[in-house]
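Working notes, structure below.
Letters A, B, ... are given to chains in the order of the sequence lines, protein chains preceding strands, and every chain is numbered from 1. Just the heavy atoms: all of them, side chains too, but no hydrogens, waters or symmetry mates, feed the values below.
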Amino acid sequence: DVKVTQSSRYLVKRTGEKVFLECVQDMDHENMFWYRQDPGLGLRLIYFSYDVKMKEKGDIPEGYSVSREKKERFSLILESASTNQTSMYLCASSPMRASYEQYFGPGTRLTVT
Amino acid sequence: AQSVTQLGSHVSVSEGALVLLRCNYSSSVPPYLFWYVQYPNQGLQLLLKYTTGATLVKGINGFEAEFKKSETSFHLTKPSAHMSDAAEYFCAVSDSGGYNKLIFGAGTRLAVHP
């Protein structure tokens, strides 16, 4: 079974803090994705990566950065957390073959106060 | 550009009743289509997918969906709802930009009452 894990299920941070969200997959997938999920808006793509050290902006990259130093690990970084970044963050991975199927982690619910 | 519209942000059915969750998409290329389910405080789990071939696709937990190209629809159905089906459901379409990106709908929350 594909397993995607995220470092925290719940996280509370203060405005202005630097926040790291970690995602690890164990299936040697090339593609990894970070989404945020907000009620009524579905999933919106923040960043994705198709290889080690390669990254592309998604639809809402402002206020975020990412790092992929190893194939299995994809980190989302909030440089200076703000209250409007309070959300559920979901990580997903997908193999390079054109199946488009993505495998999701359990999510991190981040609250910025 | 591709897009997905899920009609109805909330759907409520009685236990044992038919479940119908609607999804319409737009795509300039033949799409891959997906339904995912999210139980409370969990990630998304794949219910079923359409890639090519048979247009009626069967998934887990008794769900199925039919790809109708002429209607650009991919509605999700289940003949008889169970209390455990209460969850949020997301329809997604493949993004022609590659990298296995998906475009998700806004989601439909399904409530099942006794």
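- B:Gln6 does not touch chain A: none of its heavy atoms, backbone or side chain, sits under 4.5 Å away.
- Heavy atoms of B:Gln38 lying under 4.5 Å from chain A belong exclusively to its side chain.
- Contact check for B:Tyr36 versus A:Gln102: side-chain heavy atoms found under the 4.5 Å cut-off.
- Residue A:Met32 is grouped with residue A:Val66 when hydrophobic side chains (ILVMFWY) are merged at heavy-atom distances under 4.5 angstrom, including chains of intermediate members.
- For B:Ser9, no part lies under 4.5 angstrom from a heavy atom of chain A.
- Nearest heavy atom pair, residue B:Ala106 against residue A:Gly40, reads CB-O, 3.5 Å.
- The nearest pair of heavy atoms linking B:Phe90 to A:Gly42 is CE2-CA, 3.8 Å.
- For the atom pair A:Tyr100 OH and B:Ile103 CD1, the distance stands at 10.0 Å (nearest 0.5 Å).
- Between B:Lys101 and A:Phe33, the closest heavy-atom pair is CG-CE2, 3.9 Å.
- Side chain of B:Asn100 to main chain of A:Pro95: a donor-acceptor pair is present (N/O by atom type, distance under 3.5 Å, no hydrogens or angles).
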Could you please spell out the steps behind the side-chain contact (heavy atoms from CB on, under 4.5 Å) verdict for B:Phe104 and A:Leu41? CA-CA 9 Å; B:Phe104 286 86; A:Leu41 297 178; over 6 Å; no

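- Interface remark: A:Arg9 contributes side-chain atoms only to the contact with chain B (heavy atom separation under 4.5 Å).
- Between A:Phe48 and B:Tyr99, the ring-plane angle classifies as tilted under the 30° and 60° cut-offs.
- Interface check for chain B: of the options A:Gln37, A:Gln6, A:Met88, the most heavy-atom pairs under 4.5 Å are formed by A:Gln37.
- By the 4.5 Å heavy-atom criterion applied to side chains, B:Leu102 and A:Glu101 are not counted as neighbours.
- Side-chain contact between B:Leu44 and A:Leu43: present, with at least one pair of heavy atoms (C-beta onward) separated by less than 4.5 Å.
- For B:Asp95, the part lying near chain A is the backbone, with the side chain staying farther off; criterion is any non-hydrogen pair under 4.5 Å.
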